[in-house]
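These notes are about the structure you will find just below.
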Amino acid sequence: MQDQDGEQGQDGERDGRGARNGGEPRAGAPAGTSAQVPAGGPAGAPDAEPRRGRPRSAAAERAILDAVIALLEAGEPLAGLSIERIARTAGVGKATIYRRWSGKEELFVDVVRDMEPTDPPVSGTAGLADLRVMLESLRTRGLAQRSSVLLVNIFAQMKSHPKLWEEYHGTVIAPRRVAILEAVRRAVAAGELRDDLDVELIDDLFVGPMLVRTVHRPDAPLPDDLADRIITALLQGLAPAARV
């Protein structure tokens, strides 16, 4: 059978990652993948630019993500999902999955990212302005998780599978934390925040209240102006105004 990438399905695979005799890594493939393209061209064809392989099929990628979501919605536990089952449900070959993800952990992390709101773009040059955008993103992700029983269930299962949680933390949580920390550093450099405090402490002071509301207090309100209120409270300080 042929999948949506035009490749042979399970019966035509040579190994678990879709490698084929005479193949070579596709240019531009993400690190950790083993996507392959056939070497050389038709007999007698003149030498031209190196072949870059068939473009990835967005439809196949969408089918794979949707297949995982459908299986989870049907009550399948994360631990019970196999690449074979996902491929069969998506109507693709295992090689099509391994061409995009090195294993189940990478795939499941992308499923979660697909279900969460997309991270908003930031300038990368502003301080407090970028920080506010990222705090607001934390709030909207918290709202999304509250409104999705499936997301709540997935996160609960992820935390009981150390390898999967480590993958999610390393590829999603850690980069977000670095981005917020860099925004704090830019704010300090621009004179928007004090320069006599540890930047990681400042980072925790901004992010902490939002995480408490979104993670540790699922019943706490998440109003539209929460990010602004956190920033304003920290900039003004918590000590009472001096009496005249």
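No hydrogens, no waters, no symmetry mates; every other heavy atom, side chains included, goes into these values. Here the structure is a predicted model, which means the values were calculated and not measured.
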Tell me whether [X] contacts the main-chain N or O of [Y] through its side chain, where contact means a donor paired with an acceptor under 3.5 Å.
X    : Y    : result
R139 : L222 : yes
R146 : P218 : yes
Q157 : L78  : yes
E167 : E105 : no

Rounded distance (nearest 0.5 Å) linking atom [atom1] of [X] with atom [atom2] of [Y]:
X    : Y    : atom1 : atom2 : result
T140 : E116 : OG1   : CD    : 9.0 Å
I83  : K94  : CD1   : NZ    : 9.0 Å
T171 : D110 : OG1   : CG    : 7.5 Å
R88  : L71  : CZ    : CG    : 9.5 Å

Report summary line: Contacts satisfying ring pair (Phe, Tyr, Trp, His ring centres under 6.0 Å) that involve residues 125-158 (not counting sequence neighbours) are F155-Y168
Report task. Would you list the pairs meeting ring pair (Phe, Tyr, Trp, His ring centres under 6.0 Å) in which at least one residue belongs to residues 174-217, sequence neighbours left out? Result -> none
What closest approach, in Å, do [X] and [Y] show between heavy atoms, and which atom pair accounts for it?
X    : Y    : answer
V133 : P120 : CG1-CG, 3.6 Å
P221 : L226 : O-CD2, 4.5 Å
P223 : R229 : CG-NH1, 3.4 Å
A144 : S147 : O-OG, 3.0 Å
H161 : A79  : NE2-CB, 3.3 Å
L135 : A227 : CB-CB, 3.9 Å

Contact check, side chains of [X] and [Y], non-hydrogen atoms, under 4.5 Å:
X    : Y    : value
V92  : I86  : no
R176 : R141 : yes
W101 : V111 : no
V122 : M134 : yes
L181 : R185 : yes
L72  : L81  : yes
S148 : M115 : yes
L205 : I230 : no

Query raised in the report: Under the side chain to side chain contact (heavy atoms under 4.5 Å, CB included) test, which residues partner A126, sequence neighbours left out?
Result: S123, A129, D130
Verify same cluster id: [X], [Y] (apolar side-chain graph, 4.5 Å):
X    : Y    : answer
L150 : L164 : yes
L211 : I180 : yes
V188 : L235 : yes
V178 : V172 : no
I231 : L197 : yes

Requested in this report: Decide whether R100 and T96 meet the rule of one side-chain donor and one side-chain acceptor closer than 3.5 Å.
Outcome: no
**Report entry** salt bridge (Lys or Arg N to Asp or Glu O under 4.0 Å) involving E166 - partner list, sequence neighbours excluded
**Finding:** none
Report summary line: Sorted by chain and number, sequence neighbours left out, salt bridge (Lys or Arg N to Asp or Glu O under 4.0 Å) with R213 holds for none
Query raised in the report: If you look only at pairs with a residue in residues 66-76, which of them pass as a side-chain hydrogen bond (donor to acceptor under 3.5 Å, both in side chains), with sequence neighbours excluded?
Result: R62-D66, E76-R85
**Report entry** Chi angles and distances behind the salt bridge (Lys or Arg N to Asp or Glu O under 4.0 Å) call for R177, E200
**Finding:** CA-CA 10 Å; R177 184 178 184 278; E200 294 208 7; 3.4 Å; yes
